[in-house]
There are 2 protein chains.
Amino acid sequence: MLKIGELASKTGLTAHTIRFYEKNGLINASERSDAGYRYYTEADVRQAEFVKTARKVGFSVDDVATLLSIRVDKSNHTCQDVTDITQRKLIDVNEKISELLSMQQTLEILLNSCGGGLESATHCSIMEALDASNALNARSFVQ
Amino acid sequence: MLKIGELASKTGLTAHTIRFYEKNGLINASERSDAGYRYYTEADVRQAEFVKTARKVGFSVDDVATLLSIRVDKSNHTCQDVTDITQRKLIDVNEKISELLSMQQTLEILLNSCGGGLESATHCSIMEALDASNALNARSFVQ
DNA sequence: TATAAACTTAGAGTAAACTCTAAGGTCAAG
DNA sequence: CTTGACCTTAGAGTTTACTCTAAGTTTATA
């Protein structure tokens, strides 16, 4: 049985985070000492690791709560329940990626358009591009 | 001279957002009526568009404030001042992209590993992968 | 026994960028 | 003159995921 600090160092979470997760229904101590100390079993450790893994994959705390509710009662859930959540998250991630790729492209174009020297910004092409209000339209820069 | 609602519909911002930007030093009404109504000039419109463009490119509200301070006093700033901000933002964006790409990869692998049918999740490979606590390591799935 | 490290709780704070509310004032049209 | 659309302010609320604080308790070690 591990105390919260031990679970923390074992999982790489902080004790604060573990308590936060408890508040959100993700990790519960199997036992409490008389003094109220949390004590975690090996199964708790595995659950904490599941949580950490799922968070790293991009699932929100709420998603993880849902995944855990499936996890403790697998036989009453289908693979579809799981893939649905996963698919939604993937769509989510893909949306964010394309936003960021478009920012990346624009930023690169902006940087390529300006030497970045110590000369006055009076004619800085980045400033001009932002002023042109079509800097978003990366196309407008590719001639 | 435009009222805030007119500037809003012209720029695609909301009046709320414009006031929020004002509080943050991004957009100021050139004039106020006796009753306190904000009135915006064409130059204000251009500034609001600059702000919107810069935000879309990924610059934070604080970044935009800095860019605007350069914009109004270009001769006392260098191109480097501008490229520095832009470069930092690009690094930022690139970091986020690689995080998201790694999530994307893992999510895709998870989805490919599970049919997502209506059968019980008892042996759902996604759940198993998350339990294996190395789902992060996409490699572990590529056989 | 004394001290330090670790634990407890409730609740506040942080970050970023809005978004909304309440309570009231202004203005053009009919 | 009334209605409705639009404007004002200060300030609170939203979202997500922590992160920290204060004040106090417990436990292991020297």
Side-chain angles (χ1 to χ4, degrees), chain A residues 1-40 44 48 51-68 85 88-89 92-93 95-96 99-100 103, chain B residues 1-40 44 48 51-68 85 88-89 92-93 95-96 99-100 103:
Chain A
M1 301 281 270
L2 304 175
K3 283 191 283 187
I4 196 166
E6 293 163 329
L7 178 62
S9 58
K10 197 153 188 174
T11 57
L13 301 167
T14 70
H16 276 304
T17 300
I18 293 167
R19 289 193 201 96
F20 168 77
Y21 284 164
E22 182 180 292
K23 231 187 293 180
N24 285 268
L26 302 195
I27 297 173
N28 266 88
S30 289
E31 281 189 41
R32 291 283 192 132
S33 75
D34 291 349
Y37 280 32
R38 292 165 177 84
Y39 279 96
Y40 299 93
D44 295 336
V51 170
K52 212 198 170 191
T53 301
R55 289 284 301 120
K56 248 188 207 160
V57 171
F59 291 114
S60 69
V61 168
D62 274 9
D63 287 338
V64 178
T66 306
L67 289 171
L68 284 170
I85 296 169
R88 248 179 270 128
K89 178 50 59 182
D92 223 77
V93 164
E95 268 166 20
K96 279 183 196 152
E99 263 178 52
L100 285 166
M103 288 179 192
Chain B
M1 300 282 267
L2 305 175
K3 283 190 283 187
I4 196 167
E6 293 163 330
L7 178 62
S9 58
K10 198 153 189 174
T11 57
L13 301 168
T14 70
H16 276 305
T17 300
I18 293 168
R19 290 194 201 95
F20 168 77
Y21 284 164
E22 181 181 292
K23 231 186 296 178
N24 285 267
L26 303 194
I27 297 173
N28 268 86
S30 288
E31 281 190 40
R32 291 281 193 133
S33 76
D34 291 349
Y37 280 32
R38 291 165 177 84
Y39 278 95
Y40 298 93
D44 295 335
V51 170
K52 211 197 169 191
T53 302
R55 290 285 300 121
K56 249 189 205 157
V57 171
F59 291 114
S60 69
V61 168
D62 275 8
D63 287 336
V64 178
T66 306
L67 289 171
L68 284 170
I85 296 169
R88 249 179 268 129
K89 179 49 60 181
D92 222 79
V93 165
E95 268 166 20
K96 279 182 197 151
E99 262 178 53
L100 286 166
M103 288 180 192

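Any value given below was found using the heavy atoms of this structure, including those in side chains, with hydrogens, waters and symmetry copies removed. Here the structure is a predicted model, which is why all the values come from computation and not from measurement. Quick note on labels: first sequence line is chain A, next is B, and so on, each numbered from 1.
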Between B/Lys3 and B/Tyr39, does the side chain to side chain contact (heavy atoms under 4.5 Å, CB included) criterion hold? Intermediate values first, please. CA-CA 5 Å; B/Lys3 283 190 283 187; B/Tyr39 278 95; 3.4 Å; yes

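- Two residues are said to be in side-chain contact when any heavy atoms from C-beta on lie closer than 4.5 Å; B/Leu7 and B/Asp44 fail this criterion.
- The residue B/Ser60 sits close only to the backbone: its heavy atoms come under 4.0 Å of sugar-phosphate atoms, none of a base.
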B/His16 and B/Arg19: side chain to side chain contact (heavy atoms under 4.5 Å, CB included), yes or no, with the steps? CA-CA 5 Å; B/His16 276 305; B/Arg19 290 194 201 95; 3.9 Å; yes

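- When the P atom of C/dA17 is taken as reference, atom CG of B/Leu13 falls 14 Å away, rounded to whole Å.
- For B/Ala8 against B/Ala15, the heavy-atom pair with the smallest separation is CB-N, 3.8 Å.
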Check the pair B/Tyr21, B/Val64 against side chain to side chain contact (heavy atoms under 4.5 Å, CB included), reporting the backbone distance first and the verdict last. CA-CA 10 Å; B/Tyr21 284 164; B/Val64 178; over 6 Å; no

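- For A/Arg32 and C/dT9, the shortest distance from a side-chain N or O to OP1 or OP2 is below 4.0 Å.
- In this structure, the side-chain hydrogen bond (donor to acceptor under 3.5 Å, both in side chains) partners of B/Glu22, at least two apart in sequence or on a different chain, are B/Arg32, B/Arg38.
- For the side-chain hydrogen bond (donor to acceptor under 3.5 Å, both in side chains) test, no residue two or more places apart in sequence or in another chain qualifies with A/Thr66.
- Listed by chain and number, the residues in a salt bridge (charged side-chain N to carboxylate O under 4.0 Å, His left out) with A/Lys89 are A/Asp63, A/Asp92 (sequence neighbours excluded).
- Taking each heavy atom of B/Leu26 and B/Leu68 in turn, the nearest pair found is O-CD1, 3.3 Å.
- With rounding to whole Å, A/Glu22 atom CD is found 14 Å from C/dC7 atom P.
- One axis for each end of the helix from C/dT1-D/dA30 to C/dG30-D/dC1, each built from five base pairs, and the angle between them comes to 20° at 10° resolution.
- Note: CG (B/Asp63) to P (C/dA17) measures 8 Å, nearest angstrom.
- Look at CD1 on B/Ile18: it is 14 Å from C1' on C/dT19, rounded to the nearest Å.
- A sub-4.0 Å separation between OP1 or OP2 of C/dA17 and a side-chain N or O of B/Tyr21 is absent.
- When atom types are taken as modelled, the side chain of B/Lys96 and the backbone of A/Leu100 share no donor-acceptor pair closer than 3.5 angstrom.
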Listed pairs, N/O of protein and of nucleotides 28-30 of chain C, under 3.5 Å:
none

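- Remark: C1' of C/dA16 and NZ of B/Lys89 are 11 Å apart, rounded to the nearest angstrom.
- Closest non-hydrogen pair, B/Leu67 versus B/Ala54, comes out as CD1-CB, 4.5 Å.
- Using a 4.0 Å heavy-atom criterion, one finds that A/Tyr39 contacts no nucleic acid atom at all.
- When rounded to the nearest whole Å, the span between CD1 of B/Ile4 and C1' of C/dG25 equals 15 Å.
- Taking the nucleotide of DNA chain D with the nearest heavy atom to each of A/Gly58 and B/Arg38, the more 5' of the two is matched to B/Arg38.
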Is there any protein nitrogen or oxygen under 3.5 Å from a nitrogen or oxygen in nucleotides 19-25 of chain D, and what are the pairs?
unit_1, atom_1, unit_2, atom_2, d
D/dC20, N4, A/His16, ND1, 3.4

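- Atom CG in B/Leu7 sits roughly 10 Å away from atom P in D/dC7 (whole-Å rounding).
- If you measure from atom CG of B/Asn24 to atom C1' of C/dA16, you get 10 Å, rounded to the nearest angstrom.
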Begin with the C-alpha distance, continue with both residues' side-chain angles, and end with the deciding distance and a verdict on side chain to side chain contact (heavy atoms under 4.5 Å, CB included) for A/Ile27 and A/Leu13. CA-CA 12 Å; A/Ile27 297 173; A/Leu13 301 167; 4.2 Å; yes

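- Here A/Arg19 reaches the OP1 or OP2 of C/dT8: one of its side-chain N or O atoms lies under 4.0 Å away.
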